[in-house]
Structure formats: C-alpha cells, structure tokens
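Note sheet for the following structure.
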There are 2 protein chains.
Amino acid sequence: MTSVLVVDDEPQIVRALRINLSARGYDVMTAYDGKSALGVAVAGKPDVVVLDLGLPDLDGVEVIAGLRGWSAIPIIVLSARTDSAAKVEALDAGADDYVTKPFGMDELLARLRAAVRRGLARDGGDPIVETSSFIVDLAVKKVRRDGHEIHLTPTEWGLVEILARNPGRLVSQKQLLQEVWGPMHVNESQYLRVYFAQLRRKLEADPAHPRHLITEPGMGYRLEL
Amino acid sequence: MTSVLVVDDEPQIVRALRINLSARGYDVMTAYDGKSALGVAVAGKPDVVVLDLGLPDLDGVEVIAGLRGWSAIPIIVLSARTDSAAKVEALDAGADDYVTKPFGMDELLARLRAAVRRGLARDGGDPIVETSSFIVDLAVKKVRRDGHEIHLTPTEWGLVEILARNPGRLVSQKQLLQEVWGPMHVNESQYLRVYFAQLRRKLEADPAHPRHLITEPGMGYRLEL
DNA sequence: CCCCGGCCTCAAGAACGCGTAAAAGCCGCC
DNA sequence: GGCGGCTTTTACGCGTTCTTGAGGCCGGGG
C-alpha cells in the first residue's frame, strides 16, 4: 500500500486529506510541525510527503532540506503564498511540486499520483510474483526455485507470464491459446495439457498434486499464490 | 548541457522560452505540433519536455502517451485551461507537472529545474556496467577487459550498448534488430548469431561457454553480470 | 452399469533455432 | 588499383522444442 505523510498545522486540512486519502486506499501518517514530521518520515518511510509551508516551528525550506538530506522521497508543498519567489525557493530547495491553497482535491490527488509514479519509477521495483515454491520475475524474464534459475522454453514462458500477470485469477483456455499460439489455435486445448504438465514438472514440488498451477476443469487455469 | 524540448504552436511563446532558456545555459529544441514533437524527442533525447496542450494536430494526452511509450523524460505541461479535470487528465496520462498560462517565467524555470533534478536522480550515477570479465563504459563508449581496451565495430557496440542499458534483463531479438539494423530487418536473426559469436570471441573468457552474453533460445539475449 | 468428455502422461518425428565457419560484397583509404 | 576492416550472405551439423497421436484415468449423466 502506498503511504503518505501529511504535514500541516491546521487540523481541518489534515483531517480533510486523511479522509480523502484513506478512502482511496492510501496509508496516511500525519504530523503537525516540522520536527515531528522529520521524525515520522525517518520512522515511517512514506512513499510521498505532503508538506504545508506555514509550520509553527521550522521554516518550510528547512523541513525540505531535512528530508532531502537522507532521502529522495517526493515532496509536494502546500502553501497559501502565491508569489513566485516562494515557489522558486521551495522548488529549488528540493520540493517536487507546489500547490497553492485553496486547492482542488482532485488536482492534489492527481499530482500525488504523478509524484508517487515517479518515485516508484526511480526505485525501479521489478514486478515480481512469488509463490511458496517458485518466483517469477517479469522484468528480467526469469523463474527461480530454491535459489536456482529454472530454464523455460518460449512457449512455457508465455504461459507463465500470462498467469503471473493475473495472479490468483482464472485465465480462460481461450485466452491462453490466443495469446501464446495465436487466434488460429484457440481450440487446441491439448497443447495446454501438455505444457502445463511440463511446467508442473519444472515448478511444482509434487507435479501430480499441483498447488500453484491449478486446472479449473472446463474453464481454464489459475496461478495460486 | 541540459537539453529542453519546447512544444507549442504559438511562436511568441516558443520565442520567449527559447530566449530565457538559452540565456540560462540550456540547449533548446523546438517543435510546433505533436507529430514533429515526437520525432524531435526520439532524435534529440531531451532531458525535459515543455509541452503546450493546445496543439493543432494531436491531443495533448496523445503526445504524452507517445512519449511515455518509450521514455521517462520529465514532461511539464503548459495550458490555458485552469479546470481541474484537464489537470487530472494530463497528470494521469503521465505528465510530471502542469502550469497554467499565463505563467511566471521564474516559476516555470524553477519547476523545470525540479523536473531535471528528478530526471538526473533517476538516471543516477555513472553509466558503467561491470561483469566479472569485462567493463562497459556507456559514457565514453568503450569496453575494457583485463585493463586493455577492446575495439568494437559500430554494430557490435550497438548490441553491447543495448544490453548494458538493460543489465540482467532479457532483450528480445526484435528489439535488438530494430534498434541496431532498423525496422526493415527485424527478421534477420542470423545477424544476431553472427555478431554474438564475434562478441563472445572478443569478450568472453571461454567463447564456447559464455557466462555473460547469454542466449535465451527463441526469445532473445541477456547480459548476465 | 456403461459411455463420454475432459484431463494427464508418454513418446517419437518433424521443425526450428543456434553456433560456427567461411565466402562474398562493400566501403574508404593509401 | 589494391588493401583492410566491416557487414552481409550462405551452408551445415546439432541439440532443443513443438506438435501430434495413442493410451489411461476420473467423474457425471444416461
């Protein structure tokens, strides 16, 4: 879950943000002054910080500097000051974005999404799907089991990739055949039986009693995590 | 030098930006419509894009999507529309920032600096990829092995560069052929066999049993570190 | 009880993709 | 013109992968 640190000394703003962010599935932390904000940030490692500049103890730029000293967490500044000098100062101190109050919640949320998206891109978090007996790395196209790399043929990988991109969900035979063998072979369900047998031999602890590559008779297949 | 692509159909805006940016040491490219903007971006690889939304040919969102398809270049959107729906749409399409016209030049420049700073942070560090038997220096386009520099032909370097920019990742045959030989030759997979044999002779300790330039049969190649 | 559809397993030939070598073509340069 | 470096093309042997068919298992329905 994405976590957001909201820093503002006006309780009603913090409250409004907490409600909106929580409702959209964010994990919300809060702080009401600069010093505690820095402490919470160190402890909670939020994915993004929403920072009001008018704090009682520290100047906004100091808070930004305090965060930038050890982290590249995206910072969105909130402020009532509309003059460009304030914006320039905050942005050059290391802020990622500057929103003036009063602000539209839609816009703030969109800017928040943009900031989070960038933050994730920097981490370069590989899309990895993990079961109790093997690991699928979709970025580098590798499957590992007990630390060893398992070699998959192109067809095998095609099937695993589709299942891994839909973890836990049922994928129909038709969809698998269509995406791996093409539209001309959507009825060759025997292909699937042969290849799922091979995959189970390679990936399941007990191929005769698969726990992750599950057949749903008459429907399709599912990657159980 | 930092390069900026300015896209706008109003010449006076382009001119104003060009003057201000050039004076501050930026390398400025320009485009007056969406299609040429995408072309210039591919050719010039700018460090940041300033994009007006009201272009004559393409919708702004399409331009953003066209860039995001292959690149994470920071995009700053300029627009006369102040409603939050437009902002949300552009930001969610992949823009990094949204500035409404008329804008203050100081503020735009500060947002530009913030965007560039993030872009550099993402690229991060020295462009050097190191394996146990050779070193690829992407900045100076050189490969070293046992301290000696290894001479590569342009085609050989093209392949090594792509692999080195995706260390550990599987790169498809199509992508390699497309980027080195162009879209007309995406089926000449024999080229790859010939050139990878050459590269292994030059870079691998035991060319018959490569440890770094790995073939994934039927799928592509991988630079294993 | 038997039949039938769907599934799993096994095996063998065909087709494919890979590595290698070497020849042939194509510059630019002396 | 001749030379050298680079790229493209051709040819062949070999191992892997895909396809296909046959047989057996299981559960539900007639």
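A, B, ... follow the sequence lines: proteins, then strands. Residue 1 opens every chain.
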Candidate pair A/Gln190 and A/Arg193, rule side chain to side chain donor-acceptor pair (under 3.5 Å), full reasoning: CA-CA 5 Å; A/Gln190 171 66 2; A/Arg193 296 189 198 103; 3.0 Å; yes
Spacing of A/Leu213 atom CG relative to C/dT9 atom P, expressed in whole Å: 12 Å
Side-chain (B/Ser36) to main-chain (B/Ala31) donor-acceptor, under 3.5 angstrom: no
A/Arg145 side chain to A/Lys202 backbone, donor-acceptor under 3.5 Å: yes
A/Tyr221 side-chain N/O to C/dC7 phosphate OP1/OP2 under 4.0 Å: no
Atom-to-atom span, CD of B/Glu204 to P of C/dG19 - whole angstrom: 12 Å
B/Arg24 and B/Thr2: side chain donor to acceptor below 3.5 Å: no
Short N-O contact, A/Arg68 and A/Asp96, less than 4.0 angstrom: yes
C/dC8 phosphate, OP1 or OP2, under 4.0 Å from A/Thr215 side-chain N/O: yes
Whole-Å gap separating P (D/dG5) and CZ (B/Arg201): 15 Å
Upstream residue (5' side of DNA chain C) when A/Arg193 and B/Gln173 are each assigned their closest nucleotide: A/Arg193
Between C1' of D/dC6 and CG of B/Leu159, the distance in whole Å: 14 Å
Between C/dC8 (C1') and A/His209 (NE2): distance, integer Å: 12 Å
Those residues that, when tested against A/Glu204, pass side-chain hydrogen bond (donor to acceptor under 3.5 Å, both in side chains) (two or more places apart): none
B/Leu176 vs B/Phe196 side-chain heavy atoms within contact, under 4.5 Å: yes
Euclidean distance, atom CG of residue A/Leu192 to atom C1' of C/dG5 [Å, nearest integer]: 16 Å
Contact pattern, 5' to 3', of nucleotides 8-20 of chain D - B, S or - by protein heavy atom under 4.0 Å: BBBB-----SSBB
A/Arg200 CZ to C/dT9 P, straight-line distance once rounded to whole Å: 7 Å
Separation of atom CZ in B/Phe196 from atom C1' in C/dA21, rounded to whole Å: 19 Å
